[in-house]
4 protein chains.
Amino acid sequence: MGAMTEPATVFAEPRRGRPRSADADVAILAAALALAVEVGVRALSMDEVASRAGVSKATIYRRWSSKEALILDALRSAIEPVGAVDHGSLGADLRHYLSDMTARMTVSRGDVLPHLIEVACYDPAIRTSLDDWVRHRRAPLLAILERGVERGELPVDTDVELLLDALIGPFVYRRLLTGGAIDESVVERLLALVLPGI
Amino acid sequence: MGAMTEPATVFAEPRRGRPRSADADVAILAAALALAVEVGVRALSMDEVASRAGVSKATIYRRWSSKEALILDALRSAIEPVGAVDHGSLGADLRHYLSDMTARMTVSRGDVLPHLIEVACYDPAIRTSLDDWVRHRRAPLLAILERGVERGELPVDTDVELLLDALIGPFVYRRLLTGGAIDESVVERLLALVLPGI
Amino acid sequence: MGAMTEPATVFAEPRRGRPRSADADVAILAAALALAVEVGVRALSMDEVASRAGVSKATIYRRWSSKEALILDALRSAIEPVGAVDHGSLGADLRHYLSDMTARMTVSRGDVLPHLIEVACYDPAIRTSLDDWVRHRRAPLLAILERGVERGELPVDTDVELLLDALIGPFVYRRLLTGGAIDESVVERLLALVLPGI
Amino acid sequence: MGAMTEPATVFAEPRRGRPRSADADVAILAAALALAVEVGVRALSMDEVASRAGVSKATIYRRWSSKEALILDALRSAIEPVGAVDHGSLGADLRHYLSDMTARMTVSRGDVLPHLIEVACYDPAIRTSLDDWVRHRRAPLLAILERGVERGELPVDTDVELLLDALIGPFVYRRLLTGGAIDESVVERLLALVLPGI
DNA sequence: GATTAACCGAGACGGTACGTCACGTCTTTAA
DNA sequence: TTAAAGACGTGACGTACCGTCTCGGTTAATC
């Protein structure tokens, strides 16, 4: 719950007063997610979220400082990262990760991420939170590449970060800007281009 | 002026009544651009644009169909594409193009493009217009790569589109999502990764 | 339209731009009055007024600066003052005026005036407007008393203002505070007490 | 403590459990009164009263059923009625009472009573409580007038209630509505008008 | 001494209304 | 016909206050 004003997960001294309802947390996030899927992030209104969650607006604003903070958390709660499975070889690991990623890119509505990217330009808190989320999603791929270096499948002096960006960047670019194809064949051709030996 | 409802530049039959003011076009675009820079795209309001341009809102909406259409045109009018100079070799051309592009990425405020990307998710007209713009900006790089094929610097069966995405994508990805470094050294290292022989 | 921000009745230089809708004025006042009667002033909400008048809240707030300013104007538009009829004698005039006044006091819901009195304590604009209204309603009785002085039915040195307060005050006091009887017989007994000769 | 849900002062059977804190009673009333004077009754909020009194809102609502009930009690606790002194003659008694009353009217902020009057229109409990308070404040004057009848200074068939209203009403009327003068000279002139012989 | 019942401060809760803002459209008069 | 000015309906925003409800913890009278 990164963007929350006071994360409920951190337990400090026993809080005084009536504790915040955990049910409300769940109901709000669920309502926000459902609405985002149904009508899109742009048309999502806090009144409607409150109404669906059976909660007052004040209860939402007690937890999240803005609409976008809520959306970010809702998104985060919904998307689990690609699993970090080890298939024994760099090629197999990469193919698995990238296929999974492209499948997700194709399925989901395209408006949540663009919305968050924009908001992050104005709201530092969202910026931080979005950065965390990106880091979290990159982690498995980073592990795959580092394992490749350890195994000797990649040179010791590989710039892992840049390699990662070269593998992910083209898909993000197509998704957000060019509208170009995103599928298995592109994965194969990109791998052939960037990592010819694999 | 791609998104305009009726482009003033195209002259059809001589129209009746008071002609549209050409000054207004300029003033509106200038005001929109200035505001976008000052307060950001998100906080830009049409009332304020009208007020700054010394123009009524109706005058704006007679020319552009929506706020985003105006912003898109304002953006377009401000950014001239990277020049299509021929330096004689693929390596020189690429280095020139990418350096220029990274320089622009570093300088400009980062909020106009993200905003348009988001809006394009909802508004097909903006989608089309944004696609045009992207195509327009990709054109010089596409020409460079095709020239490379003609010169024999690249294999004949090169997937030029994918190669282009592999060169641009990482920068877009860093710019919009990871916040990673964007500079000359990255250009060099990316070229070394994707086109080792250059 | 005393409390309006810019009274539409005062014509200064010809106003530019779209003029304010006179229909909206009427509809808003009517809706406010109807609601005040139905649910009371306290339970009257601006959203409901707007909805009933088929008007947006912004349109209301463009004309009146607050809920209370609107209520005051609505009240004023609804209550015509007691007619200033001349029955030929002080006694007849007074009996007519006071009977009429007591009848109105008994009929109307009792919450509008109390509400305005309270709000006037905090809002100087309402204060002024309420004072005007009170002056306006006192005028006929003042005329009656002054006519009594001219006719010689009252001493030349009569403190007309105080006499007026002595005739009205008891009724106001009963209405607002004691809940005491307000009827014809009280009018007679009060006249016998304050103006024994009449 | 008239409006209290369960008056602490009346001791019935000894209650079980922790007794209510008498300190809290005092602190709450003091805070309410201070706030009413500072910001006015309208802007007085229960959260702020609770905060100032160092008390929880629940503690307040355990004692008073509503904001207005609290305000009424706070008002009552602050204003002691005019003393019922016997100066030997009707004229002296009246002059003393009315002078005292006018002095209080001039001094105190004018917003507490108007507020209560309004609320009493909607809340029967406040209505009852306010009526009690009014009766309590009228009592000394009523005694004065009845003593006047006993002494023979007033006719035996005097309508004492109406006479009282004729003496008080004009001041209340001026205070709440006309904004007219309230001072010693008015007292004298009113007495000369209503009770010429005194 | 243990139990129990009512209290306590803190503060979260659902609800409701507030007054503001921006959008894109509409209606004036003037050029 | 277009222009500037500005009012219009729509609909969401985030805030404030109401009176109620949990919390963990305290304070007497009763057992």
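This one's a predicted model, so the numbers in the text were calculated from it and none came from an experiment. Just so we're on the same page: letters track the sequence lines, and every chain starts at 1.
Taking atom CG of D23(D) as the reference point, atom C1' of dT26(F) lies 15 Å away to the nearest angstrom. Computed from coordinates, the R20(D) CZ to dC7(E) P distance equals 5 Å when rounded to whole Å. Spacing between atom CH2 of W64(D) and atom P of dG19(F) amounts to 14 Å, rounded to whole angstrom units. For D47(D) and dG9(E), the CG to C1' distance is 13 Å, given to the nearest whole Å. Summarising the geometry, the separation between CZ on R42(C) and P on dC17(F) is reported as 15 Å, rounded to the nearest angstrom. The distance between atom OH of Y61(B) and atom C1' of dT2(F), rounded to the nearest whole Å, is 18 Å. Remark: C1' of dC18(E) and CD of E48(C) are 15 Å apart, rounded to the nearest angstrom. Atom-to-atom, CD1 of I28(C) to C1' of dA7(F) comes out at 12 Å; the value is rounded to the nearest Å.
A sub-4.0 Å separation between OP1 or OP2 of dC18(E) and a side-chain N or O of K67(C) is present. Distances shorter than 4.0 Å separate none of the side-chain N or O atoms of R62(D) from OP1 or OP2 on dG19(F). OP1 or OP2 of dC8(F) lies within a sub-4.0 Å distance of a side-chain N or O belonging to R63(C).
Side-chain atoms of R18(C) lie closest to dA5(F) of the nucleotides dA12(E), dA5(F), dA17(E).
Residues from residues 51-60 of chain C placing a heavy atom under 4.0 Å of any atom in DNA chain F, listed by number, are G54(C), V55(C), S56(C), T59(C).
Pairing each heavy atom of I117(C) with each of P114(D), the nearest pair is CG2-CB, 3.9 Å.
Side-chain contact of S129(C) with R76(C): a donor-acceptor pair under 3.5 Å is present, judged by distance alone.
The 5' end of DNA chain F is approached more closely, in terms of each residue's nearest nucleotide, by M46(A) than by the other of L44(D) and M46(A). The 5' end of DNA chain F is approached more closely, in terms of each residue's nearest nucleotide, by A24(B) than by the other of P19(C) and A24(B). Where S45(C) and A22(A) each meet DNA chain E at their nearest nucleotide, the meeting point lying more 5' is that of A22(A).
Among the protein residues, S66(A) comes within range of no part of the nucleic acid, since none of its heavy atoms lies under 4.0 Å from any strand.
Although no hydrogens or angles enter the test, the distance criterion places a donor-acceptor pair under 3.5 Å between the side chain of T128(B) and the main chain of P124(B). Not one N or O on the side chain of K57(B) forms a donor-acceptor pair closer than 3.5 Å with the backbone of S51(B). Remark: the backbone N or O of G40(D) is not paired with any side-chain donor or acceptor of Y122(C) at under 3.5 angstrom.
With respect to E38(A) and R52(A), a salt bridge is recorded, a charged nitrogen being found less than 4.0 Å from a carboxylate O.
A43(D) pairs by the side chain to side chain contact (heavy atoms under 4.5 Å, CB included) definition with V39(D), not counting sequence neighbours.
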